[in-house]
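The next block holds one structure in the form of structure tokens; read it before the comments.
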Amino acid sequence: RIKNTDNYGSVWWDGTDHSYITLSEVPKYAEINQGDTIVTGYSSIFPPDVLIGTVESFKMNQANYFDVRVKLATRMSGLGRILVIDYADIQERMLLEEGLY
């Protein structure tokens, strides 16, 4: 999500440059500026508000959403050690979330 806003999207990597990802499906009414901070948002995989990177550029796509090019805050090719956390309550959370809809 774009930090300090309620504007979310989906993050994906196109496999070309390990320094950049795309934040897609950001609503067309979102206020986006170059240099804005991108953090994790609503996810059953990642905790909220973890720094992802900063907005490099953005453009409106054909579906009336923004595609945002994000420069990653971490040099992914240089990672030597990572910490994997087993989210023990994921099944319970998913069942609770399904009950809300």
Problem - Whether over 12 other heavy atoms sit under 6.0 Å from Tyr20 OH - result: yes

Exercise for the section: Spell out, as yes or no, whether a donor-acceptor pair under 3.5 Å connects the side chain of Thr40 to the backbone of Pro47. Expected result: yes

Exercise for the section: Please answer whether the main-chain N or O of Thr5 pairs with a side-chain N or O of Arg1 as donor and acceptor at a distance below 3.5 Å. Expected result: yes

Problem - Considering all heavy atoms, the nearest Lys28-Asn64 contact - result: CB-O, 3.1 Å

Problem - Check: Arg69 main-chain N/O paired with Glu56 side-chain donor or acceptor under 3.5 Å - result: no

Exercise for the section: Enter the distance from Thr22:OG1 to Trp12:CH2 here, rounded to the nearest 0.5 Å. Expected result: 4.0 Å

Practice task
Look at the side-chain heavy atoms of Ile, Leu, Val, Met, Phe, Trp and Tyr, link any pair under 4.5 Å apart, and say whether Val11 and Ile32 land in one connected group.
Solution key: yes

Exercise for the section: Nearest 0.5 Å please: distance from the NE2 atom of His18 over to the CG atom of Leu79. Expected result: 10.0 Å

Handout entry: Gap separating the CG atom of Leu23 from the OH atom of Tyr8, nearest 0.5 angstrom
Key = 11.5 Å

Practice task
Determine whether Met60 and Val70 fall in the same hydrophobic cluster, where Ile, Leu, Val, Met, Phe, Trp and Tyr are linked whenever their side-chain heavy atoms lie under 4.5 Å apart.
Solution key: yes

Practice task
Please round to the nearest 0.5 Å and tell me the distance separating atom CZ of Phe58 and atom CG of Asp67.
Solution key: 12.0 Å

Practice task
Is it possible for you to say whether Val55 and Leu51 belong to one hydrophobic cluster, with membership spreading through side-chain heavy-atom contacts below 4.5 Å?
Solution key: no

Exercise for the section: Answer yes if Phe66 and Val39 sit in the same cluster of Ile, Leu, Val, Met, Phe, Trp and Tyr residues linked by side chain heavy atoms under 4.5 Å apart, and no otherwise. Expected result: no

Handout entry: Exceeds 12 heavy-atom contacts within 6.0 angstrom, atom CG of Asp14
Key = yes

Problem - Point-to-point distance, once rounded to the nearest 0.5 Å, from CD1 of Ile2 to OG1 of Thr54 - result: 12.0 Å

Completion exercise
Distance col, row Ser19:OG vs Arg75:CZ, nearest 0.5 angstrom, shows 8.5 Å

